[in-house]
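Side chains are part of it too, since the values below use all heavy atoms of this structure and drop only hydrogens, waters and symmetry mates.
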Amino acid sequence: MTISGKELSAKLKAEMAAEVAAFPEKYGRVPHLVVILVGDDPASISYVTGKAKASEVVGIRNTTIRRPADISENELLDLIRQLNADDAVDGILVQLPLPGHISEAKVIETISREKDVDGFHPLNVAALWQKQPCILPCTPKGIIKMLKAAGVEIEGKRAVVIGRSNIVGLPVAKLLLDRNATVTIAHSRTRNLPELARQAEILVVAIGRPKFVTADMVSEGAVVIDVGVNRDPETGRLCGDVDFAAVEPKASVITPVPGGVGPMTICCLMENTIECFLNSRKKGRTDA
């Protein structure tokens, strides 16, 4: 079975739109997401455009702030601080990657934890590992929603996560652990990786290597979640970290690229923006 992230995200966005439609009467306005785009990277522009379109569908106010690639680090951090202080802004996202002269770590740390819709702030990451309330990272959150929608039982399963980034690999491993899976975290150079991958009942791959996972690395009936977005070196088309054509016949559940995890990441960004908005209402924040 192929899980369509497009179909699931469309369903969830429709549910969110119905919820947001009541906000103007109840709260006086709708949630407001601000996305900062630095430079002119085509992939980043595409991602930001997708977020704006999703915001429109859900009924969230979206503002995109574009800055040149040569903006100084201090200028960017000052802009973030201004948005932190603006009570009419509920979520802040800085599109990654950033130019080399800007520290992504400093940018992530500067965004207010309460407006960190990506779930990357160190305090949100720490809260995740301590099982405290926090904003969950969008992609791992989306993966769990996809598994649930597909009827995949996580408890008691053997899961292997190939990829150990703070954005996907580590947090998705934690979310699987929290649902009582037995989780092994690996990377592309792990010794005997094919043998390890074949032990997985749930295999999550997030390393950014086109068609890295081949059919001999997947056991019959495994659930395969492909987070990679790459260009096929032979065709130039988008492809994942998994050789979909070769692996799909063996997998009981698999996500395609494109159209799999990607749409769910943006869907969960919308959900996180609404969550930040509602959290601020609970704290009695007044809007400027």
Side-chain angles (χ1 to χ4, degrees), residues 1-3 5 43 96-97 104 119-120 125 128-129 136-148 150 152-262 264-265:
M1 176 176 68
T2 300
I3 310 178
L96 303 179
E104 292 186 357
F120 295 164
V125 174
L128 170 63
W129 285 91
L136 295 177
C138 299
T139 298
K141 184 178 185 179
I143 289 171
I144 297 300
K145 286 180 178 290
M146 295 181 82
L147 291 173
K148 181 179 179 181
V152 174
E153 180 62 50
I154 297 176
E155 183 173 357
K157 295 292 182 66
R158 297 188 303 275
V160 174
V161 178
I162 305 177
R164 48 187 179 165
S165 75
N166 289 325
I167 295 175
V168 179
L170 293 179
V172 79
K174 178 60 168 59
L175 293 180
L176 290 168
L177 281 169
D178 287 347
R179 287 154 181 80
N180 299 317
T182 298
V183 182
T184 301
I185 304 173
H187 55 86
S188 60
R189 297 183 182 180
T190 295
R191 183 177 297 181
N192 299 324
L193 182 59
E195 179 182 346
L196 178 64
R198 283 192 295 272
Q199 297 174 16
E201 295 170 280
I202 300 174
L203 179 64
V204 181
V205 192
I207 54 173
R209 301 273 295 274
K211 297 183 177 181
F212 178 83
V213 171
T214 51
D216 66 309
M217 298 173 67
V218 179
S219 64
E220 287 287 344
V223 174
V224 181
I225 305 295
D226 188 353
V227 187
V229 179
N230 315 283
R231 289 286 176 185
D232 188 321
E234 296 180 359
T235 66
R237 295 178 179 176
L238 285 178
C239 69
D241 292 345
V242 176
D243 186 340
F244 183 88
V247 172
E248 191 268 340
K250 296 183 72 175
S252 61
V253 174
I254 189 170
T255 60
V257 175
V261 174
M264 285 302 299
T265 297

Determine all donor-acceptor pairs shorter than 3.5 Å in which one atom belongs to a side chain in residues 171-181; sequence neighbours excluded.
unit_1 : atom_1 : unit_2 : atom_2 : d
K174   : NZ     : L128   : O      : 3.2
K174   : NZ     : D178   : OD1    : 2.7
K174   : NZ     : D178   : OD2    : 2.9
R179   : NH1    : L175   : O      : 2.9

Inset, instruction - Output all residues satisfying side chain to side chain contact (heavy atoms under 4.5 Å, CB included) with K250, sequence neighbours left out; order by chain, then residue number. - result: A215, E220

Could you report the tightest heavy-atom contact between [X] and [Y], atom names first, then the distance?
{"X": "V247", "Y": "V213", "result": "CG2-O, 3.9 Å"}
{"X": "G119", "Y": "P137", "result": "O-CG, 3.8 Å"}
{"X": "C239", "Y": "P210", "result": "SG-CB, 3.7 Å"}
{"X": "G169", "Y": "V161", "result": "O-CG1, 3.6 Å"}

Legend entry - Audit row: L147, I225, side chain to side chain contact (heavy atoms under 4.5 Å, CB included) steps and yes/no: CA-CA 9 Å; L147 291 173; I225 305 295; 3.8 Å; yes

Legend entry - Residues which pass salt bridge (Lys or Arg N to Asp or Glu O under 4.0 Å) with D216, listed by chain and number, not counting sequence neighbours: none

Student check: side-chain heavy atoms of [X] and [Y] closer than 4.5 Å:
{"X": "F244", "Y": "V257", "value": "no"}
{"X": "D226", "Y": "P256", "value": "no"}
{"X": "F120", "Y": "I167", "value": "yes"}
{"X": "C138", "Y": "T265", "value": "yes"}
{"X": "I144", "Y": "I154", "value": "yes"}
{"X": "L238", "Y": "R231", "value": "yes"}

Legend entry - Stepwise side chain to side chain contact (heavy atoms under 4.5 Å, CB included) check, N166 with V125: CA-CA 8 Å; N166 289 325; V125 174; 5.6 Å; no

To the nearest 0.5 angstrom, please state how far the [atom1] atom of [X] sits from the [atom2] atom of [Y].
{"X": "L193", "Y": "I162", "atom1": "CG", "atom2": "CD1", "result": "4.5 Å"}
{"X": "F212", "Y": "I207", "atom1": "CZ", "atom2": "CD1", "result": "4.5 Å"}
{"X": "R164", "Y": "I185", "atom1": "CZ", "atom2": "CD1", "result": "10.0 Å"}

Inset, instruction - List for me each residue that meets side-chain hydrogen bond (donor to acceptor under 3.5 Å, both in side chains) alongside T255, sequence neighbours excluded, and say none if there are none. - result: none

Legend entry - Counterpart residues, side-chain hydrogen bond (donor to acceptor under 3.5 Å, both in side chains), relative to N230 (two or more places apart):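 So N230 forms a side-chain hydrogen bond (donor to acceptor under 3.5 Å, both in side chains) with D241.
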
Legend entry - Listed once per pair and sorted, the side-chain hydrogen bond (donor to acceptor under 3.5 Å, both in side chains) pairs that draw on residues 190-209, sequence neighbours left out: S188-R209

